[in-house]
Amino acid sequence: AQRVTQPEKLLSVFKGAPVELKCNYSYSGSPELFWYVQYSRQRLQLLLRHISRESIKGFTADLNKGETSFHLKKPFAQEEDSAMYYCALVYPSVVGGYNKLIFGAGTRLAVHP
Amino acid sequence: NAGVTQTPKFQVLKTGQSMTLQCAQDMNHNSMYWYRQDPGMGLRLIYYSASEGTTDKGEVPNGYNVSRLNKREFSLRLESAAPSQTSVYFCASSHMGGAGELFFGEGSRLTVL
């Protein structure tokens with residue numbers, strides 16, 4: 001079955017320290033993976049997707065098919081990065097030919113001054 | 001620029017009562033989703049609607065029903081609420097079914113006593 005695992009519920013770092021939020025997935029096909037972020041009192045929103053290979057707000061994520069991972073990294077954390085981060089996987093639905101999106105349990109990042 | 005609008009934002013129910021969560025989007029999106037968010041479990045897909053006139057079960061559909069009233073609106077109904085349905089519910093929409101970028105509502109916090 002398809003699954004997204006985020007092993008850390010909470011990641012606590014100091015400002016300026018490197019950050020790595022872990023995400024592992026289970027899917028036999030070719031995965032499409034995303035990172036979503038939820039800042040305090042804001043809606044859940046897309047941070048980045050692996051297809052675009054972009055860097056958003058200093059964050060990057062590389063798909064490692066061998067390790068089935070899609071870890072989110074930032075070299076120097078900022079206080080405004082404090083938020084809940086969700087890794088997500090898209091896979092085809094059996095019915096209708098459409099895709100489903102499932103999320104990991106989320107990791108709360110706390111960046112301290 | 002409302003995006004995805006959910007009502008109500010808060011609701012308290014007694015066990016066995018029924019209620020409907022309403023969701024509307026003004027982005028002309030084809031696909032709409034209902035998720036529930038629980039501590040330590042992340043977001044779990046309840047139902048989704050790939051396009052107007054279609055609905056499909058997600059990971060945790062038991063105890064819920066949905067209606068895709070038209071392209072804009074997708075409602076979630078609890079026929080006989082149970083304490084296990086205490087959660088925060090999120091509606092989301094996307095242009096293409098599972099294209100990855102979901103646009104979320106602000107959430108509806110439901111407590112079942």
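Order of the sequence lines sets the chain letters (A, B, ...), proteins ahead of strands, with each chain counted from 1. Every heavy atom of this structure was used, including side-chain atoms; hydrogens, water molecules and symmetry mates were not.
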**Prompt:** Among B/Gly58, B/Ala92, B/Gly42, B/Pro39, who wins on heavy-atom pairs under 4.5 Å with chain A?
**Reply:** B/Gly42
**Message:** For the CZ atom on A/Phe14, are there more than 12 heavy atoms of other groups (residues, nucleotides or ligands in this structure) within a distance under 6.0 Å?
**Reply:** no
**Request:** May I have the step-by-step check of side-chain hydrogen bond (donor to acceptor under 3.5 Å, both in side chains) for A/Gln38 and B/Gln37, ending in yes or no?
**Result:** CA-CA 12 Å; A/Gln38 188 174 27; B/Gln37 184 184 44; 3.3 Å; yes
**Request:** Give the cluster check for B/Val88 versus B/Val12: same hydrophobic cluster or not, with ILVMFWY residues linked at side-chain heavy-atom distances below 4.5 Å.
**Result:** no
**Message:** Within the 4.5 Å heavy-atom criterion, are A/Gln42 and B/Glu106 side-chain neighbours or not?
**Reply:** no
**Item:** B/Phe74-B/Met27 co-clustered via ILVMFWY side chain contacts under 4.5 Å
**Value:** no
**Asked** For B/Phe103, is it the side chain, the backbone, both, or neither that has a heavy atom closer than 4.5 Å to a heavy atom of chain A?
**Response** neither
**Request:** Evaluate whether atom NZ of A/Lys73 has more than 12 neighbouring non-hydrogen atoms of other residues, nucleotides or ligands under 6.0 angstrom away.
**Result:** no
**Prompt:** Quick check: are there more than 12 heavy atoms from other residues, nucleotides or ligands sitting under 6.0 Å from CZ of B/Arg77?
**Reply:** yes
**4.5 Å side-chain heavy-atom contact, A/Leu101 and B/Leu102** = yes
**Test item: B/Tyr35 and A/Ile102 side chains (from C-beta on) under 4.5 Å apart, heavy atoms** = no
**Asked** If you count the non-hydrogen atoms of other residues, nucleotides and ligands that lie under 6.0 Å from CD in A/Glu67, is the total more than 12?
**Response** no
**Request:** With the side chain counted from C-beta on, respond yes when B/Leu43 and A/Tyr86 share a heavy-atom pair under 4.5 Å apart, and no when they do not.
**Result:** yes
